[in-house]
**Student:** 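Can you read through this structure? Questions will come right after.
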Amino acid sequence: MNAENWHLAKLCFERARQLGVVSNQDLFSLAKATALTRDELRTVAVLAQLAPDDRSVYAPAHMWQAVSLLQDGHCSADDLISVELHLRHVLSLAPTHEMANALLGELYFQQEFWDGAVNCLSFAPRSQTKYGVLLSKACVQTGRRAQAEFAALTVIRISSDAAGRDPMDHESRRHWAEMLVVLERFPEAVDVLAEGIRIEEDDQENHNALARTYLSWSDKLMEDTGPLEIRRINSFRLIAKAMEHNPDNPWLFNRMMEVISFEDDLAAEAREFLRQNLARGHAIGMSHLLLGTFLEKTKDSAQADFHFEQASRLMPTAAIVANNFAWHLAHQPNPDLNRAFSLIQTVIAKHPDNAAYIDTRANIYLGMKKWSLALADFQISLTKYSHEPSVHDGLARAYSELQMTDLAKTHEKTAKRLKDGAQKDGLRAKPE
């Protein structure tokens, strides 16, 4: 093995195994030798002995199984279950194993199992700041504010030193900024990322990170006390700055829609800001999309058509454009259902589990009078948007057309209750 003569190493380890003198460590070397000689069936057989699914045997072998699945890059749900299983076997044999804790903590973070993420990431290697970032954010989610701040300060110390030594180390710079956001030191985070953009203007990841920073800052302003009008103005200005750096961000779309959908001076200012974007040639696609979506809500069909067509031409691969355009086409006095269906099918092919897009298709199916298909889609969108009156209206219509009167009446009552509640609170149902 040391001489990298894998074929002879495999032969010797096999002979030793037959003589019954090999340890788990030697068997693991045999597995590596068989892998290096591309004897896949033998590798699988040895690993099944060293790293079975049902019990903990040899930590390095379980770790190999987990890492191999993760490196594949296309982990299925079953693969992720196997990854978790093998990492837990590693930790049952070596509870403080840094990389096993790091990988399991990252997996739990992605699954939003925050307590599990905190427990594992607390043992992750401190030198790899990506795990410190995840630990800090998981601590925020579980209300462990002091631990979140301690983890953030540790990341800031390491990542700021790394960025200082190498100004082109943009990943460290982004980790540094993310932790400043956790500490709510927003102006410092902006300065850190702006410096990275000055160093390398074309690094889009830095622009995206700066947009997220402005959005987080905007959200914090809206949570603060003080006059709502002032908070909304300052929040809008931050959203506008975010738009300069990442106009395709769907969260940015939602925030801007919340601003321009009001009927007040700030909303008018925001809509004028979007029109100025079009005049200056900045964020043109997103500005057209926002104006089209707003005008669709105000029933200005002709202008909405124009803006949606322009957004679709400028951002042909953007799912949010196709979804909103499809919704608009399906809700006109003379709907173009075939084009709407073609647009939304393209989106759902890429995002098959997105309830918002499925809800759009459900509404198109209503227009096509395909009641059973509409019902099936609405039942999916209901899992996420049970608070939206439009979903219950759609379900009521589908059930009624399918002669299921009792269920139709139930959803009619639910839709009315939600609409009455929105009117009582002075709110409108959120746009789809």
**Student:** Does either side chain, that of Asn246 or that of His207, offer a donor lying less than 3.5 Å from an acceptor on the other one?
**Tutor:**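 There is no such pair (donor and acceptor under 3.5 Å, judged by atom type) between the side chains of Asn246 and His207.
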**Student:** Ignoring hydrogens and angles, state whether a donor on the side chain of Gln310 or Arg313 is under 3.5 Å from an acceptor on the partner side chain.
**Tutor:**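 Present: a donor and an acceptor within the cut-off.
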**Student:** Evaluate the criterion ring-ring contact (aromatic ring centres under 6.0 Å, His included) for residue pair Tyr365 and Phe378; output intermediate values, then yes/no.
**Tutor:** CA-CA 10 Å; Tyr365 278 142; Phe378 274 126; 9.5 Å; no
**Student:** Output all residues satisfying ring pair (Phe, Tyr, Trp, His ring centres under 6.0 Å) with Phe325, sequence neighbours left out; order by chain, then residue number.
**Tutor:** Phe308
**Student:** Would you call Arg174 and Glu171 a salt bridge, taking side-chain N to carboxylate O under 4.0 Å as the test?
**Tutor:**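 No, Arg174 and Glu171 are not salt-bridged.
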**Student:** Does a donor on one side chain sit under 3.5 Å from an acceptor on the other, for Thr360 and Asn323?
**Tutor:**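 Distance-only check passes for Thr360 and Asn323.
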**Student:** Test of understanding: with ring pair (Phe, Tyr, Trp, His ring centres under 6.0 Å), list the residues that count as partners of Phe306, not counting sequence neighbours.
**Tutor:** His288
**Student:** Centre-to-centre under 6.0 Å for Phe109 and Trp114, is that the case here?
**Tutor:**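 Here the rings of Trp114 and Phe109 have centres that are less than 6.0 Å from each other.
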**Student:** Verify whether one side chain among Asp26 and Ser29 offers a donor that lies under 3.5 Å from an acceptor in the other.
**Tutor:**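 Distance-only check fails for Asp26 and Ser29.
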**Student:** With a 4.5 Å cut-off on side-chain heavy atoms, are Asn208 and His245 touching?
**Tutor:**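 They are not in contact (no side-chain heavy atoms under 4.5 Å apart), so the answer is no.
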**Student:** Between Ser68 and Trp64, do the side chains contain an N or O donor and an N or O acceptor separated by less than 3.5 Å?
**Tutor:**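 There is such a pair (donor and acceptor under 3.5 Å, judged by atom type) between the side chains of Ser68 and Trp64.
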**Student:** Output, in order, the C-alpha distance, side-chain angles, deciding distance and verdict of side-chain hydrogen bond (donor to acceptor under 3.5 Å, both in side chains) for Thr43 and Thr34.
**Tutor:** CA-CA 5 Å; Thr43 304; Thr34 59; 2.7 Å; yes
**Student:** Under 3.5 Å, is there a donor on one side chain and an acceptor on the other for Ser92 and Ser56?
**Tutor:** yes
**Student:** Check the surroundings of atom CD in Gln18: do more than 12 heavy atoms from other residues, nucleotides or ligands lie under 6.0 Å from it?
**Tutor:**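 Yes - once you tally the heavy atoms of other residues, nucleotides and ligands closer than 6.0 Å, there are more than 12.
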**Student:** Kindly check if the number of other-residue, nucleotide or ligand heavy atoms within 6.0 Å of CG (Asp406) is above 12?
**Tutor:** no
**Student:** Would you please say whether a donor-acceptor pair under 3.5 Å links the side chains of Tyr108 and Glu84?
**Tutor:**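 Note: Tyr108 and Glu84 side chains meet the donor-acceptor criterion.
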**Student:** Between Arg212 and Glu178, is there a side-chain N and carboxylate O pair less than 4.0 Å apart?
**Tutor:**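 No, Arg212 and Glu178 are not salt-bridged.
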**Student:** Run the ring-ring contact (aromatic ring centres under 6.0 Å, His included) check on Phe273 and Phe236 step by step: do they pass?
**Tutor:** CA-CA 10 Å; Phe273 163 77; Phe236 162 69; 5.8 Å; yes
**Student:** Identify whether the distance between the nearest side-chain nitrogen and carboxylate oxygen of Arg17 and Glu14 falls below 4.0 Å.
**Tutor:** yes
**Student:** Return yes if a side-chain donor-acceptor contact under 3.5 Å exists between Arg280 and Asn277, otherwise no.
**Tutor:** yes
**Student:** Looking at Arg144 and Asp115, does any basic side-chain N land under 4.0 Å from a carboxylate oxygen?
**Tutor:**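 Salt bridge: yes.
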**Student:** Among Leu36, Asn5, Leu30, exactly one meets side-chain contact (heavy atoms from CB on, under 4.5 Å) together with Lys10. Which residue is that?
**Tutor:** Leu30
**Student:** I'd like to check Tyr131 versus Met99 (side-chain heavy atoms, cut-off strictly below 4.5 Å). Are they in contact?
**Tutor:** yes
**Student:** Under a plain distance cut-off of 3.5 Å, with no hydrogens placed, do His170 and Glu205 share a side-chain donor-acceptor pair?
**Tutor:**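 No, no side-chain donor-acceptor pair sits under 3.5 Å.
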**Student:** With a 4.5 Å heavy-atom cut-off, do His62 and Leu87 have their side chains touching?
**Tutor:** no
**Student:** Can a salt bridge be assigned to the pair Arg397 and Asp393 using a cut-off of 4.0 Å between side-chain N and carboxylate O?
**Tutor:**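 No, no charged N to carboxylate O under 4.0 Å.
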